[in-house]
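Contents: one structure, followed by commentary.
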Amino acid sequence: MCGIVGFTGKQSAAPILLDGLKKLEYRGYDSAGIAVMDGNTISVSKVRGRIANLCEKTGDGASVPGSTGIGHTRWATHGAPTEENAHPHLSNDGRFAVVHNGIIENYMALREELIRDGYRFQSETDTEVIVHLIEMYYRGNVRDALIKTANRLRGSYALGVICSEEPGRIYAVREASPLILGIGMEENFFASDVTALVNHTRNVVYLEDGEFAELSGDEIRIFDCTGREINKKASRISWDVQAAEKGGYDHFMLKEIMEQPAAVKAAIAPRIKNGKIDFDELGGLVSELPEIRKIVITACGSAYYAGCAGKYALERLCRIPVETQLASELRYSDPLIDGSTLLIVISQSGETADTIAAMKECKSRGARTLAVVNVVGSSIASLADYTVYTWAGPEIAVATTKGYTTQISVLYMLALFFAERLGRLGEDAGGLIGQLQALPRRIQQAIDMNPSIPALAMKYHESRALFFIGRNTDYAVALEGALKMKEISYLHAEAYAAGELKHGTIALIEEHQPVIALCCNPSVMEKTLSNIVEVKSRGAEVLALTFRNNHKILSAADDLLFIPDADALFSAVIEIVPLQLLAYYVAKANGCDIDKPKNLAKSVTVE
Ligand code: BG6
C-alpha cells in the first residue's frame, strides 16, 4: 500500500504535496517523491526514507517552483526501497510523471515489450511500465493515452499523472486502489484517502474502479473507461484526520483485520497464472528442490505460529518432512542442518533479531534459505537466498493480523508450487487452487458471519484465564488465537492440543472456566467433540468455532463462532479471523491500548 497526492491551483504546489504526504505516511514510508510542473517544466525530487528527508531536500517545498504537481510515499512491493525506485517515475522523453498505489500483475511482460520497443527503464518497479506506456500511446491527448494504457494493465492501481504539454492539469485514474478527489476554491486535489484532503477541503468525490479524472484549478471532469464524461455527486467529509488515518475504524488493528480479504488477495492473485502457482522469484530454487530432504520453518511470535499452520499443507502436498522451530531456540540448539535443508524464515518486519541470528546459524551450516517477509529490502530479505514478499502493505498495529494471514497464504502457495514442480501434486490440483482463490471471499464471510462477537467479548472479558483447544490444523490456529488474546487484552490465555488436556491441564478446569474449542478439521472433529464433553462435564463453558452445519458441535457448545465451509488444509487463515475479532473486542472492553500493547514492540530487533 502506498500513498499518492495531487494538487493544481494558484498556490505553490510542493508544500501542499508534502503536507498531504505526511498525512499518508502510515500507508508507506520507505521512500518518497514529488513531481512539480512550473510552466512546461517538470522537476522531480525523490528520497529514500521518510517524508522528513524529502522536506529537508526541498526546503519544505520552498525550492520547488510551480503550482501543479503529484506526490508519493512508498511501501515497496517490487524493487528495494531506493531513491531510483521511489516514485514519481518519468517517461524517457521527460514529458510525463506518474505516481502509483497498487500492484501491476502483468508488469514483467509489459516491461519486456517496452524494452523491445526501445524504452529505457531507470528502476526495478512494476510502476515504471505505466509511464512508458503513456508516452507510447500519447498522440496529443493525455486522456486517450491513459485509457489505452489502462486497457493494458492488469492488477490494482490508483494513478496520478502530469504532462508538461498540459500545464495546470493533473490526471487521476482508479482501479482497485482508493482514490479521492478534493474540490477546493480555484484549486483541486486528489489523494489516496481523505486524511490528505481534510485540511484543505471537506468536499470530495470518490472515484470508482475504471474511472478517470482530469483536474485543473477551476474544473474537475470525470470519465468512464470508454472516455464518456460522467457526473458524480460530491460528499461532505465529517471525519477528523486522526480517524481518517484508521479508515474510520477505532484502531489500526481493526482496520487491518478488515483489510485481510484484500491483503490475502494481493498475496495470492499475482501468483496464480493459467491455473497454476508461479513464483517468478523462485526460478533458481526449482532445480534444487529434488536435493531437499527436510524443511525447517523458523520465526518468532505470530510468524512462528503461521509456520505451524502452514506446515500441514507443506507436508501433505510435498511429502517432505517439515519441522517448525522457534528462532530463539533454534539459534542455540546445535541444529542438524546441512545443504539438504531448506530453511523457510518468516518475518513481517524482516528485522527480528532472534530470527536473523537463527537464519545466520543455519546458513553457516549450509542450509538454503527462503524468506517470507512483508518489508521489501529488509535485513532478512537481503540475507536470504530466495525471498517471497507477502505484499500485505504496512501493518501499523503491534499485534499482527494481515501479516499472519498473508504469511500462511504464501506457505499454502509454496506447498502447491513445490508439489507441482516435484510432480507430487495429484489430480485435485485444480480444486486446491480453487480453494486458494476462494480464501479472500471466505475471510470476508468469516467476518460477516459473527455479529455476536462484541457481545461474547462482554461475557469473557473478565475471565481469569482462557483455554484455546484444537487438534492438528486447529491446534496451530489455537496457538495464534491465544497469543492474540494475551497480547492485546492482557488476559491469561493458553493453547492446548485438545488430546493433551487429559494429561494434566484438565486439572485446571473448574466451574465456568471458558474454553474456546476450534472444530474446523473434519478428520479430528469427533475427537475434539469428546474433549468438549470432557471439559463441560467438569463445569467449563465452551465457545466452539466451527461450520454452520456441524450439528453435533452446535448442540454440545454453550456459544458459537462460525466460519464458512473450507478445506482444513487451507482454513487457518479463515479460522483465525473470528479469534482476532474476539481478542480485539475483549481488549476494547478492558480499555486496553490495542494498537500499542504494553511491553510489546512491532519488531524486536534486539535479543
Ligand atoms: C513481535 C510482534 O514483537 O515479533 C509480533 O509483536 C510478531 O506481532 C513477532 O509476530 C515477530 O515479528 P516479525 O516482524 O519477525 O514477524
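Keep in mind that what you see is a predicted model, and the values were worked out from it rather than measured. First listed ligand is number 1; within each ligand, the first listed atom is number 1.
- Shown here are the side-chain contact (heavy atoms from CB on, under 4.5 Å) partners of Ser31, two or more places apart in sequence or in another chain: Arg74, Ala86.
- Each of Cys300, Gly301, Ser302, Ala303, Ser347, Gln348, Ser349, Thr352, Val398, Thr400, Glu487, Ala601, Lys602, Val604 has a non-hydrogen atom positioned under 4.0 Å from some atom of ligand 1.
- Using a 4.0 Å cut-off between charged side-chain N and carboxylate O, Lys22 and Glu25 make no salt bridge.
- Applying the side chain to side chain donor-acceptor pair (under 3.5 Å) test to Asn450 and every residue at least two apart in sequence or in another chain returns nothing.
- Of the possible polar contacts, one joining the Asn521 side chain to the Ser523 backbone as a donor-acceptor pair under 3.5 Å is found.
- Applying the side-chain contact (heavy atoms from CB on, under 4.5 Å) criterion to Ala309, with sequence neighbours excluded, gives Tyr404, Ile408, Ala476, Ala572.
- Asp595 has no carboxylate O lying under 4.0 Å from a charged side-chain N of Lys246, or vice versa, which leaves the two without a salt bridge.
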